[in-house]
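Scroll down for the structure; my scribbles are underneath it.
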Amino acid sequence: MINYPKIIEELGNIKTIQNLEEVKKLSQDYYYFSPILASILQDKTADLVVIPTSEKEVLKVAQICVKYQIPITVRGAGTGNYGQCIPLNGGIVLDMTQMKKIHWIKSGVACVDAGIKMSVLERETKKQGWELRMIPSTYKIATLGGFIGGGSGGIGSINYGQLRDRGNLNKVRVITLEKEPKIIELKGDETQQINHAYGTNGIITQLEIPLAPTYNWIDIIVTFDDFITSVKFGQALADSDGIIKKLISIHAKPIASYFTALKSYLPKGENCALLTIAENSLYPLQELVNEYQGKITYQQDLSKENNINLIEFTWNHTTFHVRNIEPNITYLQTFFFTIDKVEEMYNYFGDEVMMHLEFLRVEGKAIPAGLQLVKFSTEERLNEIIKYHEKNGAFIANPHTYILEDGGRKKIDIEQLNFKKIVDPYGLMNQGKMKAWKNN
Ligand SMILES: Cc1cc2nc3c(=O)[nH]c(=O)nc-3n(C[C@H](O)[C@H](O)[C@H](O)COP(=O)(O)OP(=O)(O)OC[C@H]3O[C@@H](n4cnc5c(N)ncnc54)[C@H](O)[C@@H]3O)c2cc1C
């Protein structure tokens, strides 16, 4: 039995939250997009939330967790989708959002604390002509540490691939939960040991991240009569090296009918492409749109004041908007690799699985990846849909599990497991999420 009043006393000046309601709120994420996870995780909560403001304070929390063998779950903004930062066995939730210092930005690299919001960081990098290489659609509130811990890619992935691709993370500082917790630094390939490890093997306190040159970006909506034509347009745009873009998001009818704020531009929920294109690429984009008989219904310069941000209708924000109207809709995460595969699944499932695609670069090649919307009936049917995709050559990163290896990875990451053995020998971090550790 852990004596929390004593723990709070030992934490001294470090901020804590004990109020049950607040603790519960800070123990949750967006797990409920999955009806499967919703039923498993809804009652899980921490015993105490601790909010450090410096690396020194994180080190102290780590020492106390080791001393009293307290489970610890690191949390950024809690926007993860798979219960990534939900503590399964109580203990401490370590809220990193007050660790938000920008140490420096120079020569296309930023060095920051892990709890910084990506939007805040970008505001600063843009002053020097840089931006983040990729951001999730939750970038306004999500933290950079949480993106590395739990995210995969997003807006910008059409140019820079995924977070795990070599070169997208330079360096991290990590606090261990060894007998004597300490600070270590990982550089280059070494950072893969903690990249997308759900905070199971060390607390990231600081990151050095390479940036991308920024442009004057324009949001554009293009509509198409035929869905497969919109996919072909997406692929052609993705492959057009001379057109500078950072978002190619394709939506089959009737998905856009759920986008209430875009109603004037998509009155019939048309098949559409939501794009972010550099201003200096507008002319060739128009030529490509003409080639595929699309129609531009919206165009907005993002440097000007406006209420619409197309990013927030793409990636998993699409699911968010649809669920606001139909809460029984859930989603999949699929790598299709080819347009033929998209067409096959589109025709096979019809309205039961609505096709939402994001183009991104995988191993140097632009491919369509799906965040399809599924009309949920039963868990058996959902698994049947997943199996059908897998049997027919599409790769599913299952969003209906909180287990690290059962999601996108499909196999044990020996490097991450071995790193955990060193830095978290008591298995205190985000317990129950790494299958390899459970089976160890
Ligand atoms: C509507 C919606 C849209 C989304 N769109 C995208 C998208 O486009 N792309 C994408 O990749 N994801 C997306 N996500 C998932 C999520 O928003 C992002 O991955 C986001 O970057 C997570 O950041 P966070 O600060 O909220 O992390 P959290 O959810 O707080 O944490 C995520 C994981 O990282 C770990 N973690 C957090 N901080 C640290 C740290 N300092 N050290 C070690 N581990 C840590 C946590 O323990 C947890 O396992 C979306 C989610 C929603 C709900």
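All values below were derived from every heavy atom in this structure, side-chain atoms included, with hydrogens, water molecules and symmetry-related copies excluded. The residues of the chain are indexed from 1 along the displayed sequence. When a ligand or atom number is given, it counts from 1 through the structure's own listing order.
Atoms of ligand 1 lying under 4.0 Å from any heavy atom of A142, numbered from 1 in the order shown and given with element: 20 (C), 21 (O), 23 (O), 25 (O). Close approach to N430 involves these atoms of ligand 1, each under 4.0 Å from a residue heavy atom: 47 (O), 49 (O). Residue N81 has at least one heavy-atom neighbour below 4.0 Å for each of these atoms of ligand 1: 14 (N), 15 (C), 50 (C), 51 (C), 52 (C), 53 (C). The P136 neighbourhood of ligand 1 comprises atoms 6 (C), 7 (C), 8 (O), 9 (N), 10 (C), 12 (N), 13 (C), 21 (O), with distances under 4.0 Å to a heavy atom of that residue. Residue G202 approaches ligand 1 through these ligand atoms, each under 4.0 Å from one of its heavy atoms: 43 (C). Those atoms of ligand 1 with a heavy atom of G151 less than 4.0 angstrom away are 11 (O), 19 (O). Those atoms of ligand 1 with a heavy atom of G76 less than 4.0 angstrom away are 25 (O), 28 (P), 30 (O), 37 (C), 38 (N).
In terms of protein heavy-atom proximity, atom 5 (N) of ligand 1 is nearest to S137 OG, 3.0 Å. Protein heavy atom nearest atom 29 (O) of ligand 1, with residue, atom name and distance: G80 N, 2.8 Å. In terms of protein heavy-atom proximity, atom 24 (P) of ligand 1 is nearest to A77 N, 3.5 Å. Counting protein heavy atoms only, atom 22 (C) of ligand 1 is closest to T79 OG1, 3.4 Å.
Using cut-offs of 30° and 60° on the angle between ring planes, the pair H251 and F259 is perpendicular. Using cut-offs of 30° and 60° on the angle between ring planes, the pair F337 and F335 is parallel.
Side-chain N/O atoms of Q300 and D219 include no donor and acceptor closer than 3.5 Å. Looking at T53 and Q98, their side chains never bring a donor and an acceptor atom within 3.5 Å of each other. Checked by atom type, the side-chain pair E131/T214 shows a donor-acceptor distance below 3.5 Å. Between the side chains of Y198 and N430, no donor-acceptor pair of N or O atoms lies under 3.5 Å. In this structure, a donor-acceptor pair under 3.5 Å is absent between the side chains of E312 and S137.
Contact annotation for W315 and ligand 1: only side-chain heavy atoms (C-beta onward) come within less than 4.0 Å of the ligand. By the criterion of a heavy-atom distance under 4.0 Å, neither the backbone nor the side chain of D29 is placed next to ligand 1. Both the backbone and the side chain of F147 come within 4.0 Å of ligand 1, counting heavy atoms alone.
Closest to atom 38 (N) of ligand 1 by heavy atom, among G199, A197, S152, G146, is G146. Comparing heavy-atom distances from atom 10 (C) of ligand 1 across G156, G153, A114 singles out G153 as nearest. Looking at V74, D95, I135 and measuring to atom 40 (C) of ligand 1, the nearest heavy atom belongs to V74. Looking at T205, T138, I204, it is I204 that brings a heavy atom closest to atom 41 (N) of ligand 1.
Aromatic ring centres of F349 and H389: separated by under 6.0 Å. Taking the ring centroids of Y32 and Y30, they lie under the 6.0 Å cut-off. Annotation: Y31 is not in aromatic contact with Y82 [ring centroid separation under 6.0 Å not met].
The shortest N or O to N or O distance between I155 and ligand 1 is not below 3.5 Å. Looking at Y198 next to ligand 1, an N or O pair under 3.5 Å apart turns up. Here's the thing with Y30: none of its N/O atoms is less than 3.5 angstrom from an N/O atom of ligand 1. Considering backbone and side-chain atoms alike, T143 places an N or O below 3.5 Å from some N or O of ligand 1. Not a single N or O atom of M96, backbone or side chain, sits closer than 3.5 Å to an N or O atom of ligand 1. On a distance-only criterion, G78 and ligand 1 share at least one N/O pair closer than 3.5 Å.
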Original post:
Step by step, would you call I250 with F227 a side-chain contact (heavy atoms from CB on, under 4.5 Å)?
Top reply: CA-CA 9 Å; I250 308 289; F227 173 65; 3.8 Å; yes
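Distance check: E122 CD to L132 CG gives 4.5 Å after rounding to the nearest 0.5 Å. Here N316 contributes atom CG and T319 contributes atom OG1; the two are 3.5 Å apart, rounded to the nearest 0.5 Å.
Evaluated for a side chain to side chain contact (heavy atoms under 4.5 Å, CB included) with L177, the options V423, I70, I72 yield exactly one hit, I72.
Not close to ligand 1: T73, with no non-hydrogen atom less than 4.0 angstrom away. Heavy atoms of M118 approach ligand 1 to within less than 4.0 angstrom.
E390 is not listed as a side-chain neighbour of F395, based on a closest heavy-atom distance of 4.5 Å or more.
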